[in-house]
A.B. asks: 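Below you'll find the structure I mean.
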Amino acid sequence: LTGGLIGEFFLPFGLAVTYSLMSSFIVAISVVPVFAYLLLDKNEIAEESESFLERTYVPALRWSLKSGTNRGLVLIVAAVSLVFGLILFATRPLAFLPSFGEPQITVSATLPPGTKMADTNAVVLQLEQFLAETYGEDVLPTVSTRIGGGGGLESLFLASSGVSENVVAVTIGVEDQSELDTLTGEIRTAAEEIFGEDNVTVSAASLSEQGFGGFSLVLTGEQADLLAVNQAIVAALNEVEGLANASSNLTEEADAEASATTFIRVDQQSAARFTGELETSNTIGVTNTAKQAIQQYLDANGYSGRITVSEGFESRQQTEGFASLGIAMGIAIVLVVIILFVTFGSFVHWIDIILSIIVAPVGAAILLTLTNRVLGISAMIGLLMLIGIVVTNAVVLIDRVQSNRRERHMELHAALLEAGERRLRPILMTAVATIGALIPLAVGLSEGAIIASELGTVVIGGLFSSTLLTLIVVPVAYMLLDPLHRALSLRRERASEQTKS
């Protein structure tokens, strides 16, 4: 239901998970019982004994259910954990995709006209010497330099036989993706000292920055106003931390000495497009900061209401992607609630199970923070998956509680204790098995897994915290909500009897 670019990314993933679960359900109710009948011998099954986990968990559950004060403390802990998780999420860098692909730094320089190639080469050697002495091959494994422009095929198509001896292009390969932004800033400072600040541009990009992590803002208003603020807006953007080489289509045309200024149009209004290079993992955060910086300038200089700031395509696809995932999560929760409501036949006990979803984000946020990973669309897809994964543990537990009360006629407190003790082992088995299966994905053992490593990290952390808290929070919530369940059930029965009579 997300659609757009995110739908293109994750539709095959969603289909694969859906079909796998459907087939595993069929196997579980048909093949597994047959193999259990053929392969299991009751004489080989060891006598059941109380494990260390059971000896720890059952007293903790008994204490949680003992009094209203204890139950209230449990819910307070659950609420605090949710708030703590949300705070951690707010501190995470917000990016459409993590940086992946081969990281590179590009140095493009144009020395004053008339500079000879030998002189240009001498200046470039200073940069190469700086790179070799400061970093070495372990940090920057490849440095490719090209001096001169306009030769070869370019001269054929442009009908020009001259070579621009003052033009330099240096491509620098970076070994460690995590150091790309830091290295870019350091190399930019050195290059500006060597070539001159107005003569050089230093850019950094991996595959994700080039294709999906771009920056673009659009200003709409009267042409005269846009021309008046153009240079000031570019300067303001270049002052934003994490944003470099900002420019606009108006600036680029002026630099090219265009005969006439061309404005783009948005909703029939004149507009200017501002772009830049994001040198930070917090790409969406920097975009929001840039919008605020522009708006502050416009307000301070009397352009408020006359010029409107909006996101360009590159930035808009990122913010809209996050918004669509938020909507998808809301839809997923509604679907889960409907299924639980129909399955359990209760107006209130679906809330017990939804609580397992609420306590999941804290583990996901903690693990994302510990691994220093961004909150990107793969992490959001992981949160979306958690909605379906974590409820299974609560369903297993609540199903046993209802079975105890309906078939074994146990009172509520005893039914909850027995269900917790009996369902502890299968709940932990499924959680540990899922976490173990996702560890290779979360670790990112291959370059191809780097996009999905956030997904694995979020699911592992969320499943861990949800499993621990679910074993306590869900029984407590069940006990608190059961009087309301009985009252509503009694009212429904009376209404049904009156209808029949």
Side-chain angles (χ1 to χ4, degrees), residues 86-87 89-96 181 184-185 188-189 192 197-198 201-204 209 212-256 258 260-327 374-376:
L86 295 177
I87 292 174
F89 274 133
T91 62
R92 287 288 79 211
L94 201 61
F96 189 67
D181 295 334
T184 303
R188 177 180 291 112
T189 301
E192 289 177 350
E197 183 176 353
D198 297 331
T201 300
V202 180
S203 307
E209 280 93 15
F212 308 104
F215 169 86
S216 175
L217 294 179
V218 173
L219 270 63
T220 55
E222 296 294 331
Q223 293 184 5
D225 291 339
L226 294 176
L227 284 171
V229 303
N230 179 65
Q231 293 295 338
I233 295 297
V234 171
L237 291 177
N238 280 318
E239 292 296 322
V240 176
E241 185 177 356
L243 186 63
N245 300 328
S247 64
S248 74
N249 62 301
L250 304 182
T251 305
E252 293 165 0
E253 290 179 1
D255 293 341
T261 301
T262 302
F263 290 86
I264 61 175
R265 301 187 72 82
V266 176
D267 294 332
Q268 300 183 359
Q269 281 189 303
S270 297
R273 182 172 182 267
F274 294 81
T275 58
E277 297 173 9
L278 291 164
E279 296 179 353
T280 174
S281 57
N282 188 23
T283 57
I284 295 181
V286 169
T287 299
N288 292 332
T289 302
K291 289 176 63 177
Q292 294 173 6
I294 293 176
Q295 192 61 55
Q296 289 175 1
Y297 172 82
L298 296 177
D299 294 341
N301 291 274
Y303 290 99
S304 179
R306 294 160 56 184
I307 297 178
T308 303
V309 185
S310 60
E311 295 175 350
F313 172 75
E314 293 88 340
S315 299
R316 185 178 300 173
Q317 71 175 354
Q318 299 176 48
T319 55
E320 289 181 351
F322 275 91
S324 65
L325 278 175
I327 295 173
V374 301
L375 182 59

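Position 1 is the first residue of the sequence; numbering continues from there.
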A.B. asks: How long is the straight-line distance from OG1 of Thr287 back to CG of Asn282, given to the nearest 0.5 Å?
C.D. replies: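 It is 8.5 Å, given to the nearest 0.5 Å.
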
A.B. asks: Going by the salt bridge (Lys or Arg N to Asp or Glu O under 4.0 Å) test, which pairs reach into residues 290-303, not counting sequence neighbours?
C.D. replies: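 Salt bridge (Lys or Arg N to Asp or Glu O under 4.0 Å) check on residues 290-303 returns Lys291-Glu311.
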
A.B. asks: What's the shortest heavy-atom distance between Asn245 and Val202, and which atoms?
C.D. replies: ND2-O, 2.7 Å

A.B. asks: Report the distance from atom OH of Tyr303 to atom CG of Leu226, rounding to the nearest 0.5 Å.
C.D. replies: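 Tyr303 atom OH to Leu226 atom CG measures 9.5 Å (nearest 0.5 Å).
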
A.B. asks: As an exercise, state the distance from CD of Glu239 to OG1 of Thr289, rounded to the nearest 0.5 Å.
C.D. replies: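 One finds 14.0 Å between CD of Glu239 and OG1 of Thr289.
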
A.B. asks: Could you tell me whether a side-chain N or O of Asn238 sits under 3.5 Å from a main-chain N or O of Val234, the two making a donor and an acceptor?
C.D. replies: yes

A.B. asks: Taking all non-hydrogen atoms of both residues into account, name the closest pair between Ala290 and Leu237 and its distance.
C.D. replies: CB-CD2, 3.8 Å

A.B. asks: Shortest non-hydrogen contact from Val286 to Glu241?
C.D. replies: CG2-O, 3.7 Å

A.B. asks: Can you pull out every side-chain hydrogen bond (donor to acceptor under 3.5 Å, both in side chains) where at least one residue sits in residues 218-227? Sequence neighbours excluded, please.
C.D. replies: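 Matches after skipping sequence neighbours: Gln223-Ser270, Asp225-Arg306.
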
A.B. asks: Give a yes or no answer on whether the side chain of Thr189 reaches the backbone of Gly185 with a donor-acceptor pair at less than 3.5 Å.
C.D. replies: yes

A.B. asks: How long is the gap from CZ on Arg273 to CG on Leu250, to the nearest 0.5 Å?
C.D. replies: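 Atom-to-atom, Arg273:CZ and Leu250:CG are 12.0 Å apart.
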
A.B. asks: Run the salt bridge (Lys or Arg N to Asp or Glu O under 4.0 Å) test against Arg188 and tell me which residues pass, sequence neighbours left out.
C.D. replies: Glu279

